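For the numbers below, each heavy atom of this structure counts, side chains included, while hydrogens, waters and symmetry mates do not. Treat the numbers as computed from the prediction; the structure is a model and nothing was measured. Reminder, nothing fancy here: chain letters follow the sequence lines and each chain counts from 1.
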2 protein chains.
Amino acid sequence: MRTRGSQCWRGKFQGGGYRFTKPRELILGVLAKSKKHLSAEDIFFSVHKIYSNIGLTTVYRNLELLVDMGTVSKFNFGDGKANYELSESESGAEHHHHLVCQKCQKVIDYADFMDAEKEFLSKIEKGLSKKYKFQIQDHIIHFYGICGQCQSK
Amino acid sequence: MRTRGSQCWRGKFQGGGYRFTKPRELILGVLAKSKKHLSAEDIFFSVHKIYSNIGLTTVYRNLELLVDMGTVSKFNFGDGKANYELSESESGAEHHHHLVCQKCQKVIDYADFMDAEKEFLSKIEKGLSKKYKFQIQDHIIHFYGICGQCQSK
DNA sequence: CTCCTTATTGATAATGATTGTCATTATCAA
DNA sequence: TTGATAATGACAATCATTATCAATAAGGAG
């Protein structure tokens, strides 16, 4: 279940006719360690510390590729920049969703009530994909509101 | 329940110490007629047809205000631009969510299974807001996948 | 109705995130 | 080891959005 070590990633790339390069290894390494959504720039800076040759363009290019490969998930929380994280199937991370504070833009991950969610999704996914002929691959649930800190101001 | 006519909107603005201006009237008019998520540029062009003085900056400024007032909802579907629509409480529109095609970026609204959703939300909202001290105001559910047209290509 | 304060506007420039270009470099199959 | 070409990085370009600022207009006071 666990995908460990860069050799495993090598195969993913080569299987798709892609090459396994230093930037790709390091970008995935950063994502794997962080386990929380990072912006392209965050990733750029992290990689830059250990590989100062890296270009921001390369980070964007590879994130796009990784999203296409299904290895990485891309989110938009409404602050103008995209965030990326290893997709759950890759990271073994818990399935989770987000609470987005509309004052300070903070994002809280939560992974509670997944039993209730599973029950809910099982009820509707089939119906939706039939009615709209839409092949569902993924879903997100975002709650918007005010976080504790912002409430007490 | 129905909020009809621009005089009703006038009050909303004036109540908040804002003025009721032509651009604001027209922007709301476009949103009210369209009933589907429009980008700032979409709105700009629509208003421009009947009021060619309008500036794109003004559209952005007023959309921001309207979002703050809770009159308009802002979405990010991941295509780089934000989309706006009258919030449900204003438009009387059905509560709905979105199916986002990852190939062609098309967005399908759906309003099915709302009973199941209500049941699900009632189970988890209270728990979430307690556990994370997060005051929930709104939520979105997006399903990502491939739409019918793109499947048959 | 007129005046006056000031919220609002629109043109413009500026920003910030992301994408395109292209010559150079490096991967990996043969 | 070598060669075809995928991938890179520097740079310029684009796209959405935001800041600036002088000119305009909404609406309350008189």
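Using a 4.0 Å cut-off, some side-chain N or O of A:N62 falls inside it from OP1 or OP2 of D:dT8. In terms of phosphate contacts, A:R61 brings no side-chain nitrogen or oxygen within less than 4.0 Å of OP1 or OP2 of D:dA7. Checking the phosphate oxygens (OP1, OP2) of C:dT9, a side-chain nitrogen or oxygen of B:T21 falls inside 4.0 Å. Checking the phosphate oxygens (OP1, OP2) of D:dA6, no side-chain nitrogen or oxygen of A:R24 falls inside 4.0 Å.
For D:dT17, the paired base is C:dA14 (Watson-Crick or G-U wobble, both distances below 3.5 Å).
The side-chain heavy atoms of A:K131 and B:D112, taken from C-beta on, include a pair separated by under 4.5 Å.
Look at CG on B:N76: it is 14 Å from C1' on C:dT18, rounded to the nearest Å. Straight-line distance from the OH atom of A:Y60 to the P atom of D:dT14: 18 Å, rounded to whole Å. Regarding B:L56, its CG atom lies at a distance of 15 Å from the P atom of C:dA13, rounded to whole Å. Distance, B:E25 CD to D:dG27 P: 11 Å, rounded to whole Å. Here C:dT15 presents its P atom at 16 Å from NZ of A:K81, a figure rounded to the nearest Å. The interatomic distance linking A:Y18 (OH) with D:dA7 (P) rounds to 7 Å, in whole Å. Between B:Q105 atom CD and D:dA16 atom P there is a gap of 13 Å when expressed in whole angstrom units. Note: CG (A:L65) to P (D:dA7) measures 7 Å, nearest angstrom.
Atom-to-atom distance recorded for B:I124:CD1 and A:E117:CD is 7.0 Å, nearest 0.5 angstrom. Rounding to the nearest 0.5 Å gives a distance of 10.5 Å between CD1 of A:I43 and CD of A:E85. To the nearest 0.5 Å, the span separating NZ on A:K74 from CG on A:N83 amounts to 10.5 Å. B:Q149 contributes atom CD, which lies 6.5 Å from atom SG of B:C104 (distance to the nearest 0.5 angstrom).
Each of B:S39 and B:Q14 lies near DNA chain D, and the nucleotide nearest B:S39 is the one positioned closer to the 5' end. Taking for each of B:S52 and B:F20 the nucleotide of DNA chain C with the nearest heavy atom, the 5'-most of the two is the partner of B:F20.
Counting non-hydrogen atoms under 4.0 angstrom, A:Y51 reaches the backbone sugars and phosphates but no base. A:E64 comes within contact range of no nucleotide atom at all, as no heavy-atom separation falls under 4.0 Å.
Checked against D:dG9, D:dT17, C:dA11, the side chain of A:N53 finds its nearest nucleotide in D:dG9. Closest contact between the side chain of A:E41 and the listed nucleotides C:dG10, D:dG27, C:dA17 involves C:dA17.
Looking at A:R19, its side chain comes within 3.5 Å of the base of D:dT5 through a donor and an acceptor atom.
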